[in-house]
Every structure is written in C-alpha cells, then in structure tokens.
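Following: one structure in structure tokens, then a few remarks.
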Amino acid sequence: MSEAERRRKALDEVYAGIGVTERGKKAAGLRGSSDICGPVRRRGSHAPTPWRVDEAYGQCRALRAWLEERRVRYVLAVPKAEVVPLPDERTRQARELYALVPEEVFERRSCADGAKGPRDYDWATVHLAPTVQGLERHLLIRRSTVLNKKDKKTGQLVREISYFLCHTAPGATLAALVTAAGQRWMVEESFQVAKGQVGLDEHEVRKWCSWYRHTTVCMIAMAFMVAVRSRLIPCQPPARPPTVNEVRRLYDRIVPAPARAARTSLAMHWHRWRTRHQTRARTSHYRARAARTHSP
C-alpha cells in the first residue's frame, strides 16, 4: 500500500468517527483509532491518561464500558437521572442516592482556585458495584455551599447538585477524586483562552487536513505565549503571575511596533503597575471572603 493510500485510509477512519451522531460514541471511536490518535499515555508511564469530561460524554454507557474494558480511570459528569449499579446488584438513580447520604458524610473541600478564590464545595462519595477488571466505581456528589440555583417546580433558591461517575484504582480517597474532578476547569479555561487569543474556533474549513493545520498553528501560538508567560512569573509568592491575555497584549504593544525604548519601557511599566494593583485587589478579596466564611 502506498503512502497516499495509507493517508486516505486514515482520513476515511477519521471521517467515519466524526460522522457518528452520538458524541460519546464519537469520542470512543476517535480514542480507539490508533492510526490517528495513537495511545495516549502519561510520559514515562504505562498507565493510560485519566478522562475528565462533561455530561454529554459521561452519560454515554458505551464510552464508559469502552474505558473500563481498557482499565482507563475516569471522572465523568453524569445527569441526576443516571442509573448506577450498587454492590448488592440493585440499581438506583444518582439523585436517589444523594437523598440517602447522611449530612455528616459531606466534607467541604476546594477542588481548584478560581478568580474569586478557592472553589469550595461539599463532597461525598457512594461506593458502587466494582468492574470485572478489579477496579472500583464511585458516585462523587458535589453540592454548592450557597443557594445559587432556582428550583423549576417551586421557584425557590436551592443548592446546586452535581454528580460524577468515577472509575478508580482500589483505595482511592475522597481528596484524590475531588482533585481529579477539579482539573476539568483547567481544561475548559485553556480552551476558552485559546479561542479568545489565538482563534482556535475560528476555522472555516470543510476538510480534516485543513482543520488539522489550523489547530496545529493555534496550538503552536498558544505554546509560545505560555512559554513567555512562564518567564514572566515573579519569584515572590504574593505577586500574581501574568495571564496569557496579558502576554498577548504586551506582544501586540511591543513587537509589531518599531523598536523604541520608550514604548517598550512604558508597556512594561504599565504591566508591572497593573500586576501590583491586581495582586492587592485579590489579596483584599481573599481576606474579606475568609472573614465572611469564618464569621459566626
């Protein structure tokens, strides 16, 4: 088989995967195509990379079965009506299990740091039926600490409840599951920044090769700005590291313009002043939030 025929065969497999209507089956098909994606593994390890996705993929049982068959650990968001298996071979919906969890079981933990401080939630786990491969299943329940969602039936404010199905090694702790679930925000923020700064979603193409070229160029540009950002991170812990958006503004201010020392000095002075101002504002916000949290 010639090189052109092999490339055409690989593209046909990609088109077949993209043409699947169900998003979960499409994800399993693309992940399983070794000619295109290849094995996704941790660097220096033989363990597959864990999956963390939203409800659109998490409610697909075919995808979960595909991951469990290959012993891939995952933390998948599922809807409240998702039916899960129990160790005694019964099945229950996720919201029914939440109603049975005692209040003292919930632990308040932060899953990640957000723009307004740590993202604190109340967390609890329910042990589910294990897999035939010897790994464990858990239902991870996340409850908001404040009334932030309006109930559709009563119209009153209630706490938002989210559910995650976890496929882990035996002995996984609640802290490890919470940390894994919180890493989803890092992925979403990375996509959001890439769309806003390098035009990741601004492709107007119909061919897979064209989409691949556009995405590759965007990833290179994003990697460049992240590398520049890493060099601008201050050594002092209280100082706030610059964001990719600020790196892009500095680049647009300094590089395209003629090399003038005054222009560069003014841009860097503005950047340092803005960084100090935002650091003080964030510190004050965190202090006020901590005072409200611990006040009687």
Side-chain angles (χ1 to χ4, degrees), residues 17 20-31 50-70 72-103 105-112 114 119-131 135-168 172 174 176-189 191-192:
V20 179
T21 56
E22 190 172 343
R23 294 178 65 187
K25 293 182 180 179
K26 179 182 68 174
L30 292 178
R31 179 66 181 269
W51 275 43
R52 307 169 187 90
V53 297
D54 55 10
E55 292 183 9
Y57 294 99
Q59 63 184 350
C60 178
R61 297 182 181 179
L63 174 61
R64 300 203 302 263
W66 186 88
L67 294 173
E68 293 173 0
E69 180 182 355
R70 288 157 179 79
V72 178
R73 295 169 297 164
Y74 62 72
V75 177
L76 307 180
V78 295
K80 59 183 180 181
E82 183 68 24
V83 178
V84 295
L86 299 178
D88 56 1
E89 299 183 355
R90 294 185 302 166
T91 58
R92 288 241 178 157
Q93 292 185 353
R95 56 187 169 188
E96 295 177 350
L97 293 178
Y98 164 71
L100 299 176
V101 176
E103 184 64 28
V105 174
F106 283 92
E107 297 183 18
R108 182 158 299 182
R109 293 179 176 270
S110 173
C111 58
R119 292 190 174 104
D120 291 327
Y121 293 95
D122 294 332
W123 301 84
T125 57
V126 178
H127 190 70
L128 303 178
T131 63
L135 298 181
E136 294 181 351
R137 291 195 193 102
H138 299 272
L139 178 66
L140 180 63
I141 304 174
R142 186 190 71 190
R143 185 179 65 187
S144 177
T145 58
V146 296
L147 304 177
N148 59 349
K149 185 178 180 180
K150 192 172 184 179
D151 188 83
K152 295 182 180 179
K153 296 181 179 180
T154 62
Q156 298 178 352
L157 289 177
V158 296
R159 296 185 180 184
E160 184 180 7
I161 311 296
S162 300
Y163 305 92
F164 302 86
L165 268 182
C166 307
H167 182 238
T168 65
L174 176 62
L177 298 179
V178 170
T179 302
Q183 292 181 1
R184 174 186 167 191
W185 274 287
M186 299 173 57
V187 178
E188 293 181 352
E189 291 175 356
F191 273 107
Q192 182 180 5

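Model, not experiment: these values are computed from the prediction.
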(request) Going by the side chain to side chain contact (heavy atoms under 4.5 Å, CB included) test, name the single residue among Leu97, Val126, Val78 that passes it with Val84. (result) Leu97
(message) Could you work out, with side chain to side chain donor-acceptor pair (under 3.5 Å) as the rule, every residue matching Ser144, not counting sequence neighbours?
(response) Asn148
(request) With sequence neighbours left out, write down each residue that passes side-chain contact (heavy atoms from CB on, under 4.5 Å) with Pro85, or none if nothing qualifies. (result) Ala129, Arg137
(message) Checking Arg92 now: which residues fulfil side chain to side chain donor-acceptor pair (under 3.5 Å) with it, not counting sequence neighbours?
(response) none
(request) Report the distance from atom CZ of Phe106 to atom OG1 of Thr145, rounding to the nearest 0.5 Å. (result) 13.0 Å
(request) Please examine the side chains of Cys111 and Trp123, heavy atoms only from C-beta on, and report whether any two atoms are closer than 4.5 Å. (result) yes
(request) Mind listing the closest non-hydrogen atom pair of Gln93 and Ala81 along with its distance? (result) CG-O, 3.8 Å
(request) State the NE2-CD distance between His167 and Glu136, to the nearest 0.5 angstrom. (result) 9.5 Å
(message) Tell me every residue that passes side chain to side chain donor-acceptor pair (under 3.5 Å) with Glu107, counting only those two or more places apart in sequence or in another chain.
(response) Arg109
(message) Rounded at 0.5 Å granularity, tell me how far CD in Gln59 sits from CG in Leu76.
(response) 11.0 Å
(message) Would you say that more than 12 heavy atoms from the other residues, nucleotides or ligands in this model lie under 6.0 Å from the CD of Glu96, or not?
(response) yes
(request) Provide the closest heavy-atom pair for Val101 versus Val105 in the form atom of the first, atom of the second, distance. (result) CG1-CB, 4.0 Å
(message) Show the nearest heavy-atom pair for residues Gly155 and Lys150, with the distance to one decimal.
(response) O-CE, 3.3 Å
(request) Heavy atoms only: give me the nearest Ala94-Pro79 pair and the separation to one decimal. (result) CB-O, 4.1 Å
(message) To the closest 0.5 Å, what do you measure between CG (Leu128) and CG (Leu86)?
(response) 6.5 Å
(request) Using salt bridge (charged side-chain N to carboxylate O under 4.0 Å, His left out) as the criterion, list what pairs up with Arg159, not counting sequence neighbours. (result) Asp122
(message) Can you tell me how far apart OG (Ser162) and CZ (Arg142) are? Round to the nearest 0.5 Å.
(response) 3.5 Å
(message) Can you list everything that forms a side chain to side chain donor-acceptor pair (under 3.5 Å) with Glu160? Sequence neighbours excluded, please.
(response) none
(message) List the residues meeting side-chain contact (heavy atoms from CB on, under 4.5 Å) with Thr125, not counting sequence neighbours, and say none if there are none.
(response) Leu140, Leu174, Leu177
(request) Could you tell me which residues satisfy side-chain contact (heavy atoms from CB on, under 4.5 Å) with Pro87, sequence neighbours excluded, listed by chain and number? (result) His127
(message) If I take atom CZ from residue Arg61 and atom CD from residue Glu68, how far apart are they, to the nearest 0.5 angstrom?
(response) 11.5 Å
(request) Could you pull out all residues at least two apart from Ile161 that satisfy side-chain contact (heavy atoms from CB on, under 4.5 Å)? (result) Tyr98, Ile141, Arg143, Tyr163
(request) With sequence neighbours left out, write down each residue that passes salt bridge (charged side-chain N to carboxylate O under 4.0 Å, His left out) with Asp88, or none if nothing qualifies. (result) Arg90
